There are 2 protein chains.
Amino acid sequence: MRREVTLRDVAELAGVSSRTVSNVVNGYANVTERTRVRVQRAVEELGYRPNVLARNLARGRSGQIALVVPYLDTPYFSELLQSVIRAARSRGYNVLIDQTDGDPEHERAFIAHGSRRLLFDGVVFSPLGLDQRALAGHDPNLPLVVLGERSSNGTFDHVGIDDVAASREATEHLLDLGRRRLAAIGDQPYATGEAAQLRTRGFREAHQARGLTVREDLIIGTPRFNRKDGARAMAHLLDRDDPPDAVFCYSDLVALGAIHTLVNRGLRVPEDVAVIGYDDIEDGAYSNPPVSTISPDKEMIATTAVDRLLLRITSPTPPPAVELRAPHKLVVRESTAGRVTPRAG
Amino acid sequence: MRREVTLRDVAELAGVSSRTVSNVVNGYANVTERTRVRVQRAVEELGYRPNVLARNLARGRSGQIALVVPYLDTPYFSELLQSVIRAARSRGYNVLIDQTDGDPEHERAFIAHGSRRLLFDGVVFSPLGLDQRALAGHDPNLPLVVLGERSSNGTFDHVGIDDVAASREATEHLLDLGRRRLAAIGDQPYATGEAAQLRTRGFREAHQARGLTVREDLIIGTPRFNRKDGARAMAHLLDRDDPPDAVFCYSDLVALGAIHTLVNRGLRVPEDVAVIGYDDIEDGAYSNPPVSTISPDKEMIATTAVDRLLLRITSPTPPPAVELRAPHKLVVRESTAGRVTPRAG
DNA sequence: ATGCTGTTTTGCAGCGCTGCAAAAGCGTAG
DNA sequence: CTACGCTTTTGCAGCGCTGCAAAACAGCAT
């Protein structure tokens with residue numbers, strides 16, 4: 001491996017000090033046009049590219065941020081991942097991915113061990129196994145932005161959509177269709193289930209706003225938000241005396257699992273049971289039937305989170321912890337509205 | 001941000017030179033038990049953790065490998081991604097992700113610009129927009145392992161399953177069901193479509209082996225392997241006079257798209273048309289109906305690729321380019337075999 | 001004691017860059 | 001011609017670690 005071109009090589013060719021080359025390369029202010037051009041030319045002639053490692057060591061920063069998510073093969077996260085990478089890259093940062101499998105110990109190790117000695121400068125974190133209390137005790141030296149639905153409690157930045165409002169909208173949509181025996185799949189009435197609880201709250205509020213009573217026994221808990229749990233929960237519901245005529249699922253995967261069971265049992269969606277999901281993953285749009293859903297603005301979530309994290313990283317005095325809300329919208333598809341018109345695709 | 005503990009701090013406390021501490025930390029051979037213990041204790045007392053950046057700068061390596069894929073939200077890649085991260089991490093390497101969107105220019109820039117000055121030491125590359133010729137001209141200084149179905153041509157390592165054999169198996173499965181009007185969706189008869197062409201070859205071979213004639217007009221090309229193209233191609237097929245009674249789709253996404261169209265048109269899968277996919281993504285197992293598929297051993301692909309890449313990175317003399325085959329298997333589900341027995345999930 | 005071998009430890013330089021503060025240049029005023 | 005303030009350029013040290021080769025040490029034979 002031949003030696004790479006260094007700052008000094010460029011300096012020599014351009015007839016200036018290496019520090020000046022550094023200034024030019026980094027676009028610092030006080031450089032005469034004349035020297036700037038001269039250096040520029042030398043850079044091009046030699047094909048110089050800065051050594052990121054050396055730069056970061058000298059600067060005391062790694063130029064990388066970590067994205068910590070529970071699962072990578074969950075469509076919601078892989079879609080989000082893209083946006084985060086894009087946002088970070090455009091700001092000169094690289095993204096390291098870490099998958100926790102929702103293991104609290106893994107999550108804790110990450111935020112406790114801090115920045116693992118300059119492997120990354122900050123973390124965008126989507127917690128699953130850790131609850132508020134554990135999160136609140138994180139190393140305050142580690143810039144951290146939390147995604148998802150937990151409120152920050154004032155100890156760190158937090159980016160998410162308004163889950164209660166979104167869930168209320170989803171529920172209202174089902175009520176608007178004339179359905180009255182509404183089930184909810186995905187509640188998690190324990191410390192780490194804050195996201196789920198907000199959705200349950202929205203579900204309740206929608207009923208209350210219309211003077212309707214929530215069928216408490218139709219609120220089904222699931223340990224996770226995946227197809228399997230959705231399928232299983234739906235099976236439970238169908239085994240009852242009076243099964244629901246509509247279901248609000250706390251994720252699109254849960255909805256897909258629920259639909260799977262419904263179709264398997266010979267029931268029609270939405271004629272017999274209307275189903276709405278949450279997250280707007282691509283699969284939902286192409287399943288049979290396409291799934292109505294709450295669509296969070298993932299691009300917005302990603303850029304907001306990255307911007308806030310970089311602010312926190314670069315700011316000399318730590319900015320206050322804030323709640324940042326990204327927009328969402330209700331997307332109505334066949335799983336609630338029914339076949340509109342047969343299409344080619 | 002308080003100063004971190006350095007090698008020198010540990011050395012001072014342990015009463016040895018910093019070089020010795022380094023030796024202990026890196027597990028080098030010739031260290032007496034006595035000093036090893038003494039240093040170990042100091043390390044723990046101070047909570048020392050090596051600065052990865054400094055280490056890599058000194059070593060002249062970045063300790064990171066890049067994984068370059070066309071799309072991250074494609075389930076196949078996001079599932080593969082996990083395995084690659086796991087494999088790399090367990091060998092002390094980090095993974096940088098790059099999504100190319102299949103843009104040949106982006107891909108070329110990546111392999112041409114080489115290691116972007118120590119940002120990464122090697123690349124696991126899943127090409128889409130670049131063909132053989134372009135790939136062959138890559139910077140020989142950059143360790144590179146190519147995933148997917150292209151043959152290496154002797155210029156770089158290559159990891160993949162035996163596509164022709166797998167495709168033949170898939171096709172034979174359809175023939176075994178008694179189907180005779182077989183369609184294939186996904187052919188790409190141009191330079192960058194080598195993967196598709198291998199599958200088409202397997203499709204043909206299966207016919208030939210049984211003395212059957214391939215219906216050439218039922219081999220449909222698609223620019224990409226996604227749901228949309230699958231749905232569209234299926235629509236084309238159904239608009240013909242004699243639509244197929246079975247379809248071999250070159251990816252599960254294509255299969256899902258095709259099924260979407262079939263169901264939309266009121267046709268039954270597999271009774272009217274049997275559908276088999278390729279990749280064994282999780283969605284396929286939970287769709288309606290679950291999709292039969294060719295299942296490549298992704299874990300094996302990932303570990304093989306990472307191991308080979310690390311060998312190439314660390315080896316003083318470049319090892320010869322090789323073809324490495326990962327196993328695959330045929331997974332039969334309802335989209336070809338029909339409902340076996342109604343299940344709860 | 002002396003020399004020789006092999007093991008363990010050390011010092012130094014340097015990876016390629018940036019922070020800092022001093023030095024040099026330069027235009028204008030006194 | 002000197003002084004002053006401002007802009008531009010430079011030198012040096014150092015980020016924290018490892019490669020290299022020399023130094024110190026130990027064990028053993030002479």
Side-chain angles (χ1 to χ4, degrees), chain A residues 1-40 42-43 46-64 92 115-119 121 314 316, chain B residues 1-40 42-43 46-64 92 115-119 121 314 316:
Chain A
M1 196 122 165
R2 79 183 194 293
R3 220 181 106 280
E4 290 284 347
V5 182
T6 77
L7 266 190
R8 221 187 314 281
D9 300 329
V10 178
E12 210 159 312
L13 178 62
V16 295
S17 80
S18 64
R19 197 59 185 74
T20 299
V21 177
S22 168
N23 285 340
V24 171
V25 170
N26 290 287
Y28 286 158
N30 292 332
V31 183
T32 0
E33 188 59 16
R34 226 174 66 86
T35 52
R36 213 185 53 74
V37 169
R38 199 135 53 98
V39 169
Q40 212 68 272
V43 164
L46 296 177
Y48 168 77
R49 315 209 68 211
N51 180 321
V52 186
L53 233 51
R55 168 181 296 175
N56 289 333
L57 177 60
R59 284 185 181 164
R61 308 192 293 97
S62 74
Q64 303 194 129
S115 53
R116 291 223 282 189
R117 297 311 306 278
L118 283 181
L119 243 187
D121 302 323
T314 52
Chain B
M1 197 121 162
R2 80 185 193 289
R3 218 179 110 283
E4 290 284 347
V5 182
T6 77
L7 267 191
R8 222 187 312 283
D9 299 330
V10 178
E12 210 158 313
L13 178 62
V16 296
S17 80
S18 64
R19 197 59 185 67
T20 298
V21 177
S22 168
N23 285 339
V24 171
V25 170
N26 290 287
Y28 285 158
N30 294 330
V31 183
T32 1
E33 188 59 17
R34 227 175 64 85
T35 51
R36 213 185 52 74
V37 169
R38 199 135 53 100
V39 169
Q40 210 69 270
V43 164
L46 296 177
Y48 168 77
R49 315 210 68 212
N51 180 320
V52 187
L53 233 51
R55 167 181 296 175
N56 289 333
L57 177 62
R59 284 186 180 163
R61 307 192 294 96
S62 73
Q64 304 194 131
S115 54
R116 292 222 282 191
R117 296 313 303 281
L118 284 182
L119 242 187
D121 302 324
T314 52

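Order of the sequence lines sets the chain letters (A, B, ...), proteins ahead of strands, with each chain counted from 1. Computed from a predicted model, the values in this text were never measured in an experiment. Heavy-atom basis, side chains included; hydrogens, waters and symmetry copies ignored.
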**Message:** Quick check: closest heavy atoms across B:L7 and B:S22, and the distance to 0.1 Å?
**Reply:** CD1-CB, 3.8 Å
**Item:** Selection from C:dT18, D:dT9, D:dT18 that lies nearest to any side-chain heavy atom of A:N23
**Value:** D:dT9
**Message:** Under 4.0 Å from OP1 or OP2 of C:dC20: is there any side-chain N or O of A:Y28 that close?
**Reply:** no
**Item:** Phosphate OP1/OP2 of D:dT8: any A:T35 side-chain N/O under 4.0 Å
**Value:** no
**Prompt:** In whole angstroms, how far is the C1' atom of D:dG19 from the CZ atom of B:R55?
**Reply:** 14 Å
**Asked** Does a nitrogen or oxygen in the side chain of A:S22 sit under 4.0 Å from OP1 or OP2 of C:dC17?
**Response** no
**Prompt:** Looking across every strand, which nucleic acid part, if any, lies under 4.0 Å from B:T20 by heavy atom: base, sugar-phosphate, or nothing?
**Reply:** base
**Request:** Measure from the side chain of A:T6, starting at C-beta and using heavy atoms only, and say which of C:dG16, D:dT18, C:dT18 lies closest.
**Result:** C:dG16
**Item:** Earlier contact from the 5' end, DNA chain C, for B:V16 and A:A54
**Value:** B:V16
**Asked** What integer distance in Å separates B:R36:CZ from C:dT7:C1'?
**Response** 17 Å
**Message:** Can you measure A:D9 atom CG to C:dG16 atom P for me and round it to whole angstrom units?
**Reply:** 9 Å
**Prompt:** What nucleotide, of D:dT18, C:dT9, C:dC15, holds the atom closest to the side chain of B:N26?
**Reply:** D:dT18
**Message:** Looking only at the side chain of B:L57 (C-beta and beyond, no hydrogens), which of the listed nucleotides D:dG16, D:dT9, D:dT10 gets closest?
**Reply:** D:dG16
**Request:** Report yes if at least one side-chain N or O of B:N51 is closer than 4.0 Å to OP1 or OP2 of D:dG16; otherwise report no.
**Result:** no
**Request:** From the options C:dT8, D:dT9, C:dC17, select the nucleotide whose nearest atom is closest to the side chain of B:T32.
**Result:** C:dT8
**Item:** Contact check, side chains of A:T20 and A:R38, non-hydrogen atoms, under 4.5 Å
**Value:** no
**Asked** Is there a side-chain polar atom (N or O) of B:N30 under 4.0 Å from OP1 or OP2 of C:dT8?
**Response** yes
**Message:** What is the separation between atom CG on A:L7 and atom C1' on C:dC15, rounded to the nearest whole Å?
**Reply:** 13 Å
**Request:** Would you kindly give the CD-to-P distance between B:E33 and C:dT7, to the nearest whole Å?
**Result:** 17 Å
**Message:** Taking the minimum atom-to-atom distance to the side chain of B:A58, which one of C:dT18, C:dT10, C:dG14 wins?
**Reply:** C:dG14
**Item:** Candidates D:dG11, C:dC17, D:dT18 - which lies nearest the side chain of A:R19
**Value:** D:dG11
**Message:** Here's a test for you: under side-chain contact (heavy atoms from CB on, under 4.5 Å), which of A:V31, A:V16, A:V43 qualifies with A:V24?
**Reply:** A:V31
**Request:** Would you indicate what A:N56 reaches in the nucleic acid, counting non-hydrogen atoms under 4.0 angstrom: base, sugar-phosphate, or nothing?
**Result:** nothing
**Prompt:** For A:N23 and A:R19, does a side-chain donor sit closer than 3.5 Å to a side-chain acceptor?
**Reply:** yes
**Prompt:** B:R59 CZ to C:dG14 P: how many Å, rounded?
**Reply:** 20 Å
**Message:** I need the CZ-P distance between A:R8 and D:dG11, as an integer number of Å.
**Reply:** 11 Å
**B:R8 side chain vs B:S18 backbone, donor-acceptor pair below 3.5 Å** = no
**Asked** When the distance from CG of A:L53 to P of D:dG16 is rounded to whole Å, what number comes out?
**Response** 14 Å
**Request:** Looking only at side-chain atoms of B:S17, point me to the closest of D:dT18, D:dG16, C:dG11.
**Result:** C:dG11
**Asked** Which atom pair, heavy atoms only, marks the closest approach of A:V25 to A:Y48?
**Response** CG2-CE2, 4.0 Å
